Amino acid sequence: MTTFPTIQQVRLGVLGSILSVAFSASAQDARQPEVIVTATRTPIAQDEALASVSVIDRDMIEQAGSSDVLTLLRSQAGLDIVRGGGLGQQASVFLRGSNSNHVLVLIDGVRMATATTGGYEWEHLPLAQIERIEIVRGPRAALFGSDAIGGVIQIFTRRANGPSAAVGVASHDTWSAEAAYGQRGDTGGFGVRAAATDSVGISAQNADGFGFDPDRDGYQQTSLTADAALIGEALRFDAQLLHSDADIEFDEGESDQQVSSLNLTLAGGASDPWRVALARVHEALETGAFFSRFETRRTQLEAQRVFKVGANGEWLFGTSVVNDDGRSVDTFSDLATYDDERQQRAVFTSWRDQRGTLDWEIGARNDHYDSFGGETSLQAALGWRIEGGPRLRASGGEGFRAPTLNELYSPGFSGLFAGNPNLGPERSRAFELGADWQGNWADLSLSAYRNKVDGLIDFSGGETFQAINIRRAELRGVELEARAPVGEWQLSGNLGWQQARDADSDAALLRRPSRKASIRVDHSVGRGRFGLDVHAVSGRPDFGGELAGYALVGGWLRWPVADSLTLNLRLDNLFDRDYTLVRGFNTEGATASVQLRWSPN
């Protein structure tokens with residue numbers, strides 16, 4: 001049996017390496033602005049967006065050396081991560097205090113949340129397949145429709161170019177492997193990448209849990225991405241395939257989850273910017289212990305066209321059609337408890353322009369659902385660039401979330417907690433003020449927001465607890481982000497203050513901390529790089545009382561051991577802090593992971 005070094009030995013080794021090279025590094029070159037597409041549905045520089053935007057690129061992913069995407073996301077401004085157990089266990093992502101189903105999740109432009117539950121299974125997103133992540137905070141329903149109340153998170157999958165491979169080992173008897181190959185040229189190319197993860201894991205629950213079993217709950221996942229492109233003088237055709245298969249153990253049993261998506265895109269050139277995309281998504285989740293199986297099939301067709309207006313402006317027009325088919329099956333009797341579908345059609349437009357020191361954008365969208373009718377969403381933003389000073393911005397926008405198929409049609413449990421076909425959408429109205437400053441010594445971004453959500457769906461109707469639109473919430477907060485060189489080091493981080501409250505009872509919403517801070521310092525050493533990060537969260541309410549605040553320290557090292565070979569080392573929870581994210585569920589203590597990556601290119 002393979003024997004791994006203890007956490008204490010790995011800690012000392014990494015800290016010794018860091019200290020031995022701390023005085024020999026060179027300063028990092030200034031980073032150019034990222035090009036993003038999620039904020040406006042068209043490519044723009046990140047510093048031109050009239051919204052609070054963060055980007056996690058592949059270089060940051062490999063430097064961090066994280067075992068899953070949730071460890072990356074927890075350090076981002078406005079994001080709160082909750083997971084009940086270790087790797088692969090159920091997780092929620094709250095953006096600016098909104099519910100987990102108030103975040104629109106896109107993968108290569110395709111809507112990924114299931115139509116049955118409305119959630120996205122973040123715990124099964126394969127990190128090895130991700131090229132970059134764009135996070136846009138604030139409502140974006142005028143561009144994307146339902147679910148974008150708290151914001152939009154878009155994931156872009158990787159495109160292999162040449163051969164590459166990686167293997168890794170980590171705490172809790174975890175191993176991972178991936179291999180890829182691709183060819184690219186002026187007229188197109190193709191690529192394929194396969195990845196696998198296997199972990200014995202930890203016990204998901206502890207003695208305070210409702211279904212505690214002290215055995216370890218493992219996780220296995222395989223994933224595959226493939227892409228192809230044909231590029232002509234006036235046309236470009238792209239195809240992307242993503243498939244993942246996960247087996248999840250938990251204290252009461254085991255679940256199997258499969259997700260497949262195929263996205264086909266035809267687009268014009270730079271002088272004729274139009275795009276048509278057709279996507280098909282299938283998801284199945286089966287849990288034998290509960291005799292349940294949920295299936296969702298989604299067909300998505302989108303088209304958009306951009307027209308240039310003057311020297312700096314652009315006018316966007318688009319349309320979208322989505323068909324969701326959801327099915328819930330009792331696997332004991334092999335009978336469907338419901339089998340329904342939903343259709344949605346939308347048209348949208350936006351105008352953005354820049355005149356002198358002012359820039360602005362205006363957007364509008366109308367969605368029509370066959371279950372509840374039409375919903376119109378508006379948004380507007382204005383920016384003012386002060387010469388030699390910051391850029392000030394102000395924005396306002398509406399959002400909504402359409403009821404899920406479960407909320408509409410589920411028969412419940414013996415008639416209790418059943419769906420309601422007469423439900424309306426949840427609606428929100430948000431405002432934000434911000435300032436962005438880029439100086440020689442630091443880049444700063446300050447945002448203050450307020451978001452009111454009405455008509456929240458709750459299973460509290462009548463004596464049978466049927467789903468009804470009844471609750472209200474008020475979300476407000478301030479976020480400060482900074483990035484600065486300090487000598488030969490790079491310092492980055494964010495501070496956040498938020499209030500997420502039930503507007504009727506004035507009670508704080510569960511598992512949303514009022515204060516949060518993340519700080520990262522990193523340093524280059526020749527072609528290598530190392531760093532430390534600190535993530536701190538205040539106390540927050542949960543079922544059964546307040547959860548204590550905590551602070552976690554992590555360290556990482558990225559070192560080229562040969563021309564084509566790179567070593568990635570990651571330590572998490574360096575001081576083995578005992579903390580709780582969900583009452584009754586365990587969190588991992590100190591962990592270590594080592595990855596060896598081969599990439600000739």
Side-chain angles (χ1 to χ4, degrees), residues 27-57 60 76-78 96 134-140 142-143 151-152 270 273 306-316 349-363 378-397 430-450 476-497 519-520:
Q28 182 188 29
D29 294 334
R31 180 178 293 212
Q32 297 299 314
E34 295 270 7
V35 175
I36 61 172
V37 298
T38 309
T40 60
R41 297 184 69 112
T42 58
I44 62 169
Q46 182 177 344
D47 58 2
E48 294 178 3
L50 293 174
S52 176
V53 180
S54 298
V55 176
I56 304 173
D57 60 24
M60 296 171 64
Q76 298 300 309
R96 286 187 166 178
E134 294 182 2
I135 304 166
V136 182
R137 289 171 280 272
R140 277 293 178 270
L143 290 175
V152 179
V306 178
F307 297 91
K308 294 296 181 181
V309 181
N312 301 312
E314 64 177 30
W315 206 310
L316 169 71
T349 184
S350 69
W351 172 42
R352 67 182 192 89
D353 208 340
Q354 179 181 348
R355 303 289 175 87
T357 59
L358 294 179
D359 48 346
W360 64 85
E361 60 184 41
I362 302 171
L378 306 174
Q379 72 179 48
L382 177 66
W384 176 34
R385 299 177 184 271
I386 301 175
E387 185 175 355
R391 183 191 66 166
L392 306 180
R393 51 183 167 83
S395 63
F431 300 93
E432 181 174 345
L433 296 175
D436 307 307
W437 191 81
Q438 293 182 330
N440 294 328
W441 63 274
D443 294 340
L444 301 174
S445 180
L446 179 66
S447 301
Y449 62 89
R450 181 176 183 179
R476 61 178 71 186
V478 178
E479 298 160 354
L480 174 64
E481 299 178 83
R483 180 183 178 88
V486 181
E488 295 182 337
W489 295 78
Q490 282 288 331
L491 173 67
S492 60
N494 59 79
L495 302 173
W497 300 265
I519 300 174
R520 167 180 162 133

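Numbering of residues begins at 1 and proceeds along the displayed sequence. Note that the coordinates shown come from a computational prediction; the quantities given were computed from them, not determined experimentally. Reckoned from all heavy atoms, side chains included, excluding hydrogens, waters and symmetry mates.
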Using the side-chain hydrogen bond (donor to acceptor under 3.5 Å, both in side chains) rule, take Glu314 and Thr42 through it: C-alpha gap first, then chi angles, then the decisive distance, then the call.
CA-CA 10 Å; Glu314 64 177 30; Thr42 58; 2.7 Å; yes
Between Glu479 and Leu446, does the side-chain contact (heavy atoms from CB on, under 4.5 Å) criterion hold? Intermediate values first, please.
CA-CA 6 Å; Glu479 298 160 354; Leu446 179 66; over 6 Å; no
Going from OG on Ser492 to CD1 on Ile519, what distance comes out if it is rounded to the nearest 0.5 angstrom?
9.5 Å
Applying side chain to side chain contact (heavy atoms under 4.5 Å, CB included) between Asp47 and each of Gln438, Glu34, Arg391, report the one that passes.
Gln438
List the steps and the verdict of side-chain contact (heavy atoms from CB on, under 4.5 Å) for Val55 and Ile36.
CA-CA 8 Å; Val55 176; Ile36 61 172; 3.6 Å; yes
Take the angle between the ring planes of Trp360 and Trp351 and call it parallel below 30°, perpendicular above 60°, tilted in between.
perpendicular
Going by salt bridge (Lys or Arg N to Asp or Glu O under 4.0 Å), name the residues that satisfy it together with Arg520, two or more places apart in sequence or in a different chain.
Asp522
Minimum heavy-atom distance Gln379-Pro139, with the two atoms named:
OE1-O, 3.6 Å
Is it the case that over 12 heavy atoms from other parts of the model lie below 6.0 angstrom from the CH2 atom of Trp384?
no
Worked verdict on Leu358 versus Arg385 for side-chain contact (heavy atoms from CB on, under 4.5 Å):
CA-CA 6 Å; Leu358 294 179; Arg385 299 177 184 271; over 6 Å; no
Exactly one of Arg137, Arg96, Arg476, Arg450 should register a salt bridge (charged side-chain N to carboxylate O under 4.0 Å, His left out) with Glu432. Which one does?
Arg96
Where do Pro485 and Trp441 come nearest, in terms of heavy atoms and distance?
CD-O, 3.4 Å
Looking at Gly313, is its backbone amide N or carbonyl O close enough to the side chain of Asp353 to form a donor-acceptor pair, meaning the two atoms are under 3.5 Å apart?
yes
For Arg140 against Ala39, the heavy-atom pair lying closest together:
NE-O, 3.2 Å
Distance (rounded to the nearest 0.5 Å) between Ser447 OG and Leu433 CG
9.0 Å
Within the distance-only criterion (no hydrogens, no angle test), does the side chain of Glu134 pair as donor or acceptor with the backbone N or O of Thr38 below 3.5 angstrom?
yes
Spacing of CG belonging to Asp359 relative to CD1 belonging to Ile44, to within rounding of 0.5 Å
9.5 Å
Could you tell me whether the side chain of Thr349 and the main chain of Leu316 form a donor-acceptor pair under 3.5 Å?
yes
Considering only NZ, NE, NH1 and NH2 on the basic side and carboxylate oxygens on the acidic side, decide whether Arg393 and Asp436 come within less than 4.0 Å.
yes
Might you work through the side-chain contact (heavy atoms from CB on, under 4.5 Å) test for Ile135 and Val53, ending with a clear yes or no?
CA-CA 6 Å; Ile135 304 166; Val53 180; over 6 Å; no
Can you give me the closest heavy-atom contact between Leu444 and Ala482, atom names plus distance?
CD2-CB, 3.4 Å
Pair Arg483, Ser445: side-chain N/O donor-acceptor within cut-off below 3.5 Å
no
Got a second to check how far Arg352's CZ is from Asn312's CG, nearest 0.5 Å?
9.0 Å
